[in-house]
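Chain naming here is simple, since letters A, B, ... match the order of the sequence lines and numbering starts at 1 in each.
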Amino acid sequence: MSFLKRMKEKLMGSSKTEKEELLDQTTEEQEVVEHSTNEVEEITVDSTKKIEPETVEQEKEIEEDNQQKEEKNKRGFSAFSITEKFKSGLAKTRDSFTSKVNDLVARYRHVDEEFFEELEDLLLQADVGMETVMELTEKLRFEVQRKNIKDTEGIQALISEKLVEIYEQGEEDITELNIQEGDLTVILFVGVNGVGKTTTIGKLAHRFKKQGKNVLLAAGDTFRAGAIDQLQVWGDRVGVEVIKQSEGSDPAAVMYDAIRAAKNRKADILICDTAGRLQNKVNLMNELEKIHRVISREIPSAPHEVLLALDATTGQNALQQAQIFKEATNVTGIVLTKLDGTAKGGIVLAIRNKLHIPVKFVGLGEQMDDLQPFDSERYVYGLFADALDEQIAKTEE
Amino acid sequence: MAFEGLAERLQGTINKIKGKGKVNEQDVKEMMREVRFALIEADVNLKVVKSFVKKVSERAVGQDVMKSLTPGQQVIKIVQDELTDLMGGEQSPIKFATKPPTVIMMVGLQGAGKTTTTGKLANVLRKKYNRKPLLVAADIYRPAAVKQLQTLGKQLSLPVFSLGTDISPVEIVRQAIETAKEEHHDVVLIDTAGRLHVDEKLMQELKDIRALKEPDEVFLVVDAMTGQDAVNVAESFDEAVGITGVVLTKLDGDTRGGAALSIRSVTQKPIKFVGMGEKMDALEPFHPERMASRILGMGDVMTLIEKAQAAVDEEQAKALEEKFKTQSFTLDDFLEQMSQVKKLGPLDEILKMLPGANKIKGLENAKIDDKQIGHIEAIILSMTPAEKTNPEIINASRRKRIAKGSGSSVQEVNRLIKQFEDMKKMMKQMTGMAQKGKKKMKLPGLDSLFK
């Protein structure tokens, strides 16, 4: 089975299970469940052969179907809106990928140096970075030799397999957050300026709120003009309380207050914002260490998660960011933001490979529910899509 | 993990060919491979790298590299020259309208630093160009963006035009231009919302704003850390709204900033300013030759020298020099010198600007604590004038008193006095050397600190 088919199946398969789960939850009437899932299954079976637009159409049909059932209307819609979110955010990566990969295969029937060079270029343009690309092609060359692979047909699956291997290195793919059930969980956000920390916090708060958690936000960016207001707007939007002090106050003091407040209000989750800082500013990194220290002093096991917000447009400097922020605050995960643009953030492969920091979420837009758990296979697949588009367009010319 | 600069990269290749009498084409090719690597690691776009390397290797093969005794140096020089040429060109200042108000639009992706840069630019316009800018808050999408600009306006005591977030940006800008005419503001500085270059709806909005009154400048604000995607972003914005210049932000970070080259080569538009910090005065003109060194990872001596020149009072330095020569250097002078070094900024940043400093083992992890200087200050300030001019008289009981007075330990006091004595000795040797006519210090500007 080709790489593409497997990928497609994986993608469609996963969305199918999601849909099924959601539908199961939201619909009680046997009839509707059967009806919808049947249709969904149909799509999944079909999807390996059929192209995207048809699937979209069919899903729209289902949507309409559901809307007809007045009682189920609202809940049914929410299930679909999530699927739609996936679709629009990752539309580019899924857009009739099949034919394009086949095109590349057609152009490169043989696995030769030229093929490898082209592959290298594709990955470099996704900001994967020289070292990781070299590591991958080395592995590939070895495998190709060992298995005596001559034509490109067989190498497709291998590429994605090896990429995921480089990313995961045998470690389990952990996207789950370390949530303390029945106790306060503290999540600290760190990162350089303008990567989308505050926005991501808003989205994450919304996510927890939907799960029925009692969420509190701490406005730890006391430096940038308007930052506290920005978090407050998100707080109002999502409907959670924001613990804040005036601009220019000590962020560590804000954290102290926030933890006290969270304990008093018996909150489940406390999400702490911090000011953006460039990783080479020693004083600011010391300040961050202090914030971390104050949190740990109040709750020894906290912060339970330290999430580094990383802009997908960032190039190789992201590696330094991850390393230095990890030294200062023991980063436990990455949120890759702004992935809805054309940038790929390929450097996360190197970050995971070298520093063992997994990506936990990806940001796909500015709306409240534009935050999705990271899926390494889906991501690796997305690395190629755009660049392939371009190449194929070029060949067609 | 820090990336190697081009010089280090080339070193390996050069060592290999050192034994040979002559460098052949194959060797040049290998060196070009290293150039390619260095540029890609500096985030220069792959396509730009390819055409650049092609150009450089033509020059390298045709030129003296192959005959040169120091081919590595020669290659670096060619690369650096080409880079500087590519990014340079005329340093055009801001273009003002013949009939006010001049309209300047700030555009870019989310989080590039448009609002902060708008504030900084307003400051430059007022201070350097003596203009009366009106800031326009046209970002109605991001929560509290209007508030952010208002806060900056307050800090700078400059007026900010805003109509809240319910009115369309196009209408806001239209009214702002009217207001500027009525109130005689000669520059209208529009802070637009960050947007993805693939977001057609929002890109249309920019076109609509543009259509109101042809802006005199459209600045694309780009994060210096941007990777390969910089090319797509610059191309799309240029196509949609026709940018006239680029502002590169967050260059005070430790990124190589290859995006500068990518953007320049796809848009041909000049980089006009660079953002060097979060404070309102941290906007500086762009220097292509410095950027070239930076992309190649060769340190930034020029900036360091400029910093030193700005921070060091020349007369004071001369007086200090005299004191060294006459051996009348006291702890007071030592303190004075400390505070001058401190003015240069955080010490580890200064070190990073030194070429080769990243090669010194251990230094990369050495976090130099600026607080240390504070301690030293406290200790010296706890001394009596007599002790400061004549440290020899500091005996055990005086040490105890000084330690107590400065909140430090006797050990720390001892260490400081020892440091001071060592330094004096070193100065003595150096002045001796200078008198013999030998080279003093390698760094111009800095030597005035240590002479």
With side chains defined as the heavy atoms from C-beta onward, is the minimum distance between B/Lys47 and A/Gln125 less than 4.5 Å?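 Counting from C-beta outward, B/Lys47 and A/Gln125 do come under 4.5 Å.
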Quick check: are there more than 12 heavy atoms from other residues, nucleotides or ligands sitting under 6.0 Å from CZ of A/Arg141?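 Yes, the 6.0 Å shell around CZ holds more than 12 heavy atoms from other groups.
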From [X] [atom1] over to [Y] [atom2], what is the distance, rounded to the nearest 0.5 angstrom?
| X | Y | atom1 | atom2 | value |
| --- | --- | --- | --- | --- |
| A/Leu123 | B/Leu46 | CG | CG | 10.5 Å |
| A/Leu278 | B/Lys250 | CG | NZ | 7.5 Å |
| B/Ile40 | A/Glu120 | CD1 | CD | 8.5 Å |
| B/Asp229 | A/Asp311 | CG | CG | 9.5 Å |
| B/Asp223 | A/Asn193 | CG | CG | 8.5 Å |
| B/Arg36 | A/Leu124 | CZ | CG | 6.5 Å |

Measure distances from A/Gln232 to the heavy atoms of chain B and classify the residue's part below 4.5 Å as side chain, backbone, both or neither.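 Neither part.
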Non-hydrogen atoms of chain B under 4.5 Å away: do they reach the side chain of A/Met134, the backbone, both or neither?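 Side chain of A/Met134 only, per the 4.5 Å heavy-atom cut-off to chain B.
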Inter-chain contacts: residues 143-159 of chain B against chain A, heavy atoms under 4.5 Å: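 Contacts with chain A: B/Pro143, B/Ala144, B/Lys147, B/Gln148, B/Thr151, B/Leu152.
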So which heavy atom on [X] is nearest to which on [Y], and how close?
| X | Y | value |
| --- | --- | --- |
| B/Val198 | A/Asp340 | CG2-O, 4.2 Å |
| B/Gln228 | A/Asp127 | N-OD1, 2.9 Å |
| A/Leu284 | B/Glu278 | CD1-OE2, 4.1 Å |

Where the side chain of A/Asn280 meets the backbone of B/Asp252, is there a donor-acceptor pair that is under 3.5 Å apart?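 Here the side-chain-to-backbone pair exists.
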Considering residues at least two apart in sequence or located in another chain, which fulfil the side chain to side chain donor-acceptor pair (under 3.5 Å) criterion with B/Asp199?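 Applying side chain to side chain donor-acceptor pair (under 3.5 Å) to B/Asp199 gives none.
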For A/Thr198, what residues pass the side chain to side chain donor-acceptor pair (under 3.5 Å) criterion, not counting sequence neighbours?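 Side chain to side chain donor-acceptor pair (under 3.5 Å) list for A/Thr198, sorted by chain: A/Asp273.
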Against chain B, work out which of A/Gly345, A/Gly226, A/Ala318 has the most heavy-atom pairs shorter than 4.5 Å and name it.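 That would be A/Gly226.
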Could you please state which residues from residues 233-241 of chain A sit under 4.5 angstrom from chain B, measuring non-hydrogen atom to non-hydrogen atom, sorted by number, or 'none'?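 From residues 233-241 of chain A, the residues near chain B are A/Val233, A/Trp234, A/Arg237.
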Could you go step by step and tell me if B/Met225 and A/Gln320 meet the side chain to side chain contact (heavy atoms under 4.5 Å, CB included) rule? CA-CA 11 Å; B/Met225 291 177 278; A/Gln320 267 129 292; over 6 Å; no
Just do the side chain to side chain contact (heavy atoms under 4.5 Å, CB included) check on A/Asp121 and B/Lys50 with the steps written out, would you? CA-CA 11 Å; A/Asp121 287 2; B/Lys50 280 184 175 167; 2.3 Å; yes
